[in-house]
Amino acid sequence: MRIILLGPPGAGKGTQAVRLVERLGIPQLSTGDMLRAAVAAGTPVGVKAKAVMDRGELVSDDIVVGIIADRIEEADARKGFILDGFPRTVAQAEAFDAMLAEKGLKLDAVIEFKVNEHELVGRIVKRAEEAKARGEQVRKDDNPEVFKTRLDAYHSQTAPLSAYYEAKGMLKTVDGMRPIDEVTRAVREILER
Ligand code: AMP
């Protein structure tokens with residue numbers, strides 16, 4: 001299966017992606033994780049992306065489209081994948097469609113997590129505190145100031161993807177404010193339909 005998870009930062013895409021990985025046995029492709037790994041490794045992509053990510057803005061379409069094009073070629077992604085955080089602009093969605101068409105592959109579902117945005121900052125702060133408690137490095141962009149920029153980027157650049165996939169008859173929505181297990185169940189029901 002090839003699945004896209006859509007929704008603002010803190011909506012629960014990553015949490016649900018991990019559960020889908022366990023159930024479906026296909027990898028989670030998180031461009032955010034891949035970019036953070038590139039930053040940590042100091043690769044040319046990481047060097048370019050770091051300041052943009054720290055500000056909460058979007059990395060260029062060329063960079064992320066290139067990362068995904070390479071990643072879906074890897075053996076573990078042949079059976080399918082769960083995209084978490086990609087595409088984030090209409091240009092990325094179009095490039096991704098072209099990529100799939102060229103390979104003769106198709107998308108199975110686009111699932112959007114609907115959330116109450118006033119509660120998202122609280123989730124982000126909690127995520128940062130939990131990471132710290134586990135002794136992990138806290139994401140530089142998981143703080144209320146940068147979060148506002150990330151949410152703005154979501155509204156102006158990513159939210160139009162809902163209409164993009166709706167027009168293709170691909171869009172399904174779930175209530176992302178429900179308890180985690182209920183969201184998991186709702187996602188499963190969509191995929192089993
Ligand atoms: P995330 O972990 O998905 O919240 O992503 C963290 C940051 O990585 C974002 O705020 C962007 O700076 C960058 N990023 C991740 N995915 C994308 C993407 N598809 N397009 C552009 N920038 C991205």
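Being a predicted model, the structure only gives us computed values, none of them experimental.
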Joint hydrophobic cluster, [X] plus [Y], side-chain heavy atoms closer than 4.5 Å:
| X | Y | value |
| --- | --- | --- |
| F96 | M170 | yes |
| I67 | I4 | yes |
| I190 | M177 | no |
| L5 | M1 | yes |
| I82 | L100 | no |

Evaluation steps, side-chain contact (heavy atoms from CB on, under 4.5 Å), between L24 and I3: CA-CA 11 Å; L24 302 174; I3 305 162; 3.7 Å; yes

So, for [X] and [Y], which heavy atoms are closest and what is the spacing to 0.1 Å?
| X | Y | answer |
| --- | --- | --- |
| V138 | A131 | CG2-CB, 4.5 Å |
| G56 | A153 | O-CB, 4.2 Å |
| K79 | G25 | NZ-O, 3.9 Å |
| K103 | I72 | CE-CD1, 3.7 Å |
| A93 | L161 | CB-CD2, 3.6 Å |
| G85 | T31 | O-OG1, 3.0 Å |

Distance in Å, F86 CZ paired with T158 OG1, rounded so as to fall on 0.5 Å steps: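 So the gap between those two atoms works out to 11.0 Å.
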
Under the side-chain contact (heavy atoms from CB on, under 4.5 Å) rule, what do I68 and V64 come out as? Steps first, then yes or no, please. CA-CA 6 Å; I68 286 294; V64 287; 5.6 Å; no

Does [X] reach the side chain of [Y], with side-chain heavy atoms less than 4.5 Å apart?
| X | Y | value |
| --- | --- | --- |
| Y164 | D97 | yes |
| M99 | V65 | yes |
| V125 | P144 | yes |
| L191 | I111 | yes |
| Q28 | L20 | no |

Taking it one step at a time, do L171 and L6 satisfy side-chain contact (heavy atoms from CB on, under 4.5 Å)? CA-CA 10 Å; L171 190 73; L6 279 184; 4.2 Å; yes

Could you go through residues 35-49 and list every donor-acceptor pair under 3.5 Å that involves a side-chain atom there, pairing it with any protein atom two or more places apart or in another chain?
| unit_1 | atom_1 | unit_2 | atom_2 | d |
| --- | --- | --- | --- | --- |
| R36 | NH2 | D33 | OD1 | 2.8 |
| T43 | OG1 | A38 | O | 3.4 |
| T43 | OG1 | G46 | N | 3.1 |

E57: partners by side chain to side chain contact (heavy atoms under 4.5 Å, CB included), with sequence neighbours left out: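 If we apply the side chain to side chain contact (heavy atoms under 4.5 Å, CB included) test to E57, skipping adjacent residues, the hits are V52, R55, T149.
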
Just jot down the side chain to side chain donor-acceptor pair (under 3.5 Å) partners of E136, sequence neighbours excluded, or say none. R134

With K50, which residues qualify under side chain to side chain donor-acceptor pair (under 3.5 Å), at least two apart?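 Once residues adjacent in sequence are excluded, the partners of K50 under the side chain to side chain donor-acceptor pair (under 3.5 Å) criterion are D54.
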
Please lay out, stage by stage, how M34 and L29 fare under the test side-chain contact (heavy atoms from CB on, under 4.5 Å). CA-CA 8 Å; M34 293 182 230; L29 310 190; 3.7 Å; yes

Is it the case that the side chain of [X] and the backbone of [Y] share a donor-acceptor pair, with hydrogens and angles ignored and the cut-off at 3.5 Å?
| X | Y | result |
| --- | --- | --- |
| E166 | S162 | no |
| D108 | R2 | yes |
| T89 | Q157 | no |
| Q16 | I180 | yes |

R150 vs D142, test: salt bridge (Lys or Arg N to Asp or Glu O under 4.0 Å). Steps then yes/no. CA-CA 10 Å; R150 292 166 65 197; D142 267 355; 2.9 Å; yes

Under-4.0 Å salt bridge between [X] and [Y]:
| X | Y | result |
| --- | --- | --- |
| R78 | D76 | no |
| E189 | R185 | no |
| R19 | D181 | yes |
| K132 | E129 | no |

Any ring-ring contact (aromatic ring centres under 6.0 Å, His included) involving residues 99-158? Give me the pairs, sequence neighbours left out, ordered by first then second residue.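 Those involving residues 99-158 do not exist here.
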
Check ring-ring contact (aromatic ring centres under 6.0 Å, His included) between Y165 and all other residues, then give those that pass, not counting sequence neighbours.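 Partners of Y165 by the ring-ring contact (aromatic ring centres under 6.0 Å, His included) criterion come out as none, since no residue qualifies.
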
